[in-house]
Peer 1: 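Sending over a structure as structure tokens; questions will come in a sec.
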Amino acid sequence: MFALVDGNNFYVSCERVFRPELATRPVIVLSNNDGCAIARSNEAKALGIKMGQPWFECRDMERQHGLIALSANFALYGDMSDRMMSIAGQYAPRQEVYSIDESFLSFDGMDRLYHGGLLATGRALRTKVLQWTGLPTCVGFGPTKTLAKLANHIAKTAERKPGSYPVEYAQVFCLACLDPMQRATALAATDVGEVWGVGSRIGAKLKARGIKTAHDLARADAKALRREFSVQLERTVLELQGTSCINLEDVPPPKQQIACTRSFGKPALSLTELLEAITEFTARAAEKLRRQTSGASSITVFIRTSPFRKDDRQYSRAVTVPLVCPTSSTQPLLQAAGAGLRSIYLEGYKYAGAGVMLNDLVLESTEQLDLFGAESATPMHPGTQTKGSCHSTHLMSAIDHLNTRYGRGTVVLGSAGLGGASRSWSMKRERLTRQYTTDWTQIPVAVA
DNA sequence: TCTGGGGTCCTAGGACCC
DNA sequence: TCTGGGGTCCTAGGACCC
């Protein structure tokens, strides 16, 4: 038996914990450059604001409907998430943290033990998370991860849209606890597009074939759908039928790729501006890389104009630069990224976004850590997986430590040819200043 | 004119998730 | 004026090999 615990409107709920006066207002949280809505309160959803909707499109609702738009504070959300996860994790032997606001719990072999008590367990969990963190959650139980997700969806929807499902399904709901008739009714009331693994494209194709609800999909021929679509959809059907195909991953596998990319608040024209952005992205990505003690074998840099500005000349290009040997050190990554950027940069375009990706990650074994900063790396021989750290891990861990303690950007490495320039490329702070006029203590302070 | 069959590796692109 | 930022897996097709 699985449970899925999910924070309701997570980013908005985090903000409301510290600003209770927003409790009944329509609230959205905006992406990096206040570009679009990435979280919406129920009231904002009721106004018709869509996920990912550009801010300029819903801006007039500030006046008309008292909509509150907040700039995202990801450090806060990460912290709240940690607290929520650790409380939820106390209710089951195993937990998989699936995203910032969701975790799967596994009640392996406890099906009989818990059958009557599942709902009680879910309610206790929900109450404790609410009491200790202030975050509202919904809990869904099912014999597979896909069914637990579906149960969670029903729990959320039953609460938010009265009449969509029986009221007693709200907040904490167990698909496994229903009789077959009730279960069929619940699945038949659920759009096929709500099933985990069915997105908009496949959802539309399924509907064209008469598979319109979760119930239809559960009764479909898994093998036929595999031929027509993919093995993934076959797995989804089997999971809906109660056959577990997707395991709980309680130890997250190391990332295969680490990216740091952004859209710009204002278009960037010059190579210098792009270098500043790429330098920051590379430093951030390298930090993530060191956190999972991996090294990257190559780095990809991309720059692009805005696909939304049809009148502008479009340009989008990426380049992948191999590293001499896998490394997690910022300096060689910066050099490679800078060289890559110079090779693809063309003058005369309005660049709207850029990013770096670290590829072909290899795990760094501790014995090979180069603690004294000497360039004593063992060279990477073709065909072998041995690797060494090319640059000073000592220096890098010192920088990471300072940045963790005193705030991001306290210590930065200059990129090749930039002479350590570190003016922020982001326009965010100016906009924050405008948004938080009511409470100046809320304005994040940039560390020099 | 006619032009095997099977295997691997790599990459690009599509689909999905939050 | 202004349009997120991460990730995953799978598949198809090309290159190459014997």
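Below, read A as the first sequence line, B as the second, and so on, with proteins coming before strands; counting in each chain starts at 1.
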Peer 1: Rounded to whole Å, please give me the gap between CZ in A/R304 and C1' in C/dG5.
Peer 2: 10 Å
Peer 1: A/I154 and A/A186: which non-hydrogen atoms are nearest, and at how many Å?
Peer 2: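 Result for this residue pair: CD1-CB, 4.3 Å.
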Peer 1: For a quick check of understanding: with a heavy-atom distance under 4.0 Å over all strands, which category does A/E102 fall into, base, sugar-phosphate or nothing?
Peer 2: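 Touches sugar-phosphate only.
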Peer 1: Taking the side chain from A/N33 and the backbone from A/G35, do they hold a donor-acceptor pair closer than 3.5 Å?
Peer 2: no
Peer 1: Check whether any side-chain N or O of A/Q314 sits under 3.5 Å from a backbone N or O of A/R309 as a donor-acceptor pair, and report yes or no.
Peer 2: yes
Peer 1: Determine whether a donor-acceptor pair (N or O, by modelled atom type, separation under 3.5 Å) exists between the side chain of A/S81 and the backbone of A/I100.
Peer 2: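 Present.
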Peer 1: A/F141 vs A/F107 aromatic rings, parallel, tilted or perpendicular, using cut-offs 30° and 60°?
Peer 2: tilted
Peer 1: Judged by atom type as modelled, is there a donor-acceptor pair below 3.5 Å linking the side chain of A/N152 to the main-chain atoms of A/L4?
Peer 2: yes
Peer 1: Check whether any side-chain N or O of A/K255 sits under 4.0 Å from OP1 or OP2 of C/dG6, and answer yes or no.
Peer 2: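 No, A/K255 has no side-chain N/O under 4.0 Å of OP1/OP2 on C/dG6.
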Peer 1: Toward the 5' end of DNA chain C, which comes first, A/F56 or A/Q257, by nearest nucleotide?
Peer 2: A/F56
Peer 1: Do A/E234 and A/K223 sit within salt-bridge range, that is, some charged N less than 4.0 Å from a carboxylate O?
Peer 2: yes
Peer 1: Could you check how far CD of A/E96 sits from P of B/dC17, rounded to whole Å?
Peer 2: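 So the two atoms are 15 Å apart, to the nearest Å.
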Peer 1: For A/S200, answer base if it contacts any base atom (sugar-phosphate contacts may also be present), sugar-phosphate if it contacts only those atoms, and nothing otherwise; contact means non-hydrogen atoms under 4.0 Å.
Peer 2: sugar-phosphate
Peer 1: Check the distance between B/dC17's C1' and A/I202's CD1 and give it to me in whole angstrom.
Peer 2: 12 Å
Peer 1: Pick out the pairs of N or O atoms, protein on one side and nucleotides 10-13 of chain C on the other, that lie under 3.5 Å.
Peer 2:
| from | atom 1 | to | atom 2 | distance (Å) |
| --- | --- | --- | --- | --- |
| C/dC10 | OP1 | A/R235 | NH2 | 3.1 |

Peer 1: Please confirm whether the backbone N or O of A/K212 pairs with a side-chain atom of A/D216, one donor and one acceptor, at under 3.5 Å?
Peer 2: yes
Peer 1: To the nearest Å, give me how far apart NZ (A/K266) and P (C/dC2) are.
Peer 2: 11 Å
Peer 1: Nearest heavy atom decides the nucleotide; on that basis, is A/Q256 or A/C260 closer to the 5' end of DNA chain C?
Peer 2: A/C260
Peer 1: Expected output check: what is the dot-bracket annotation of DNA chain B, where ( ) and [ ] are pairs inside the strand (brackets for crossing ones), | is paired with another strand, and pairs are Watson-Crick or G-U under 3.5 Å?
Peer 2: ....||||||||||||||
Peer 1: Is A/N32 near enough to C/dG4 that one of its side-chain N or O atoms lies under 4.0 angstrom from OP1 or OP2?
Peer 2: no
Peer 1: So what does A/I100 touch, heavy atoms closer than 4.0 Å: a base, only the sugar-phosphate, or nothing?
Peer 2: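 No contact at all - A/I100 keeps every heavy atom at 4.0 Å or more from the nucleic acid.
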Peer 1: Please list residues of residues 190-197 of chain A whose heavy atoms come under 4.0 Å from any atom in DNA chain B, ordered by number; otherwise none.
Peer 2: A/V195, A/W196, A/G197
Peer 1: Identify whether the distance between the nearest side-chain nitrogen and carboxylate oxygen of A/R284 and A/E280 falls below 4.0 Å.
Peer 2: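 Between A/E280 and A/R284 there is a salt bridge, with a charged N closer than 4.0 Å to a carboxylate O.
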Peer 1: Take A/Y345 and A/Y351 through the ring pair (Phe, Tyr, Trp, His ring centres under 6.0 Å) test and state the conclusion after the steps.
Peer 2: CA-CA 10 Å; A/Y345 173 79; A/Y351 293 99; 5.7 Å; yes
Peer 1: In whole angstrom, what separates A/R201's CZ from B/dC16's P?
Peer 2: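 After rounding, the gap between these two atoms is 7 Å.
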Peer 1: Give me the atom names and distance for the closest heavy-atom approach of A/T327 to A/L289.
Peer 2: O-CD2, 3.5 Å
Peer 1: Can you tell me how far C1' of B/dC18 sits from NZ of A/K149, to the nearest Å?
Peer 2: 7 Å
Peer 1: Given atom CD1 of A/I28 and atom C1' of C/dG4, what is their separation to the nearest angstrom?
Peer 2: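 Between C1' of C/dG4 and CD1 of A/I28: 13 Å.
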Peer 1: Indicate, with a heavy-atom threshold strictly under 4.0 Å, whether A/G199 touches base, sugar-phosphate, or nothing.
Peer 2: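 Sugar-phosphate, no base atom in range.
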Peer 1: Ring-plane angle category for A/W196 and A/F104, please: parallel below 30°, perpendicular beyond 60°, tilted otherwise.
Peer 2: tilted
Peer 1: With rounding to whole Å, what would you report as the distance between C/dC16 and B/dG4 at their C1' atoms?
Peer 2: 16 Å
Peer 1: Would you say a side-chain N or O of A/T261 is under 4.0 Å from OP1 or OP2 of C/dG5?
Peer 2: no
Peer 1: Which nucleotide, C/dC2, B/dA15, C/dT3, lies nearest any side-chain atom of A/K205?
Peer 2: B/dA15
Peer 1: Side-chain N or O of A/R262 versus OP1/OP2 of C/dG6: is the shortest distance under 4.0 Å?
Peer 2: yes
Peer 1: Round to a whole Å and report the spacing from CG of A/L233 to C1' of B/dA15.
Peer 2: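 It works out to 11 Å between those atoms.
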Peer 1: Evaluate the ring planes of A/F74 and A/Y77, with Trp represented by its six-membered ring, and classify them as parallel (under 30°), tilted (30 to 60°) or perpendicular (over 60°).
Peer 2: perpendicular
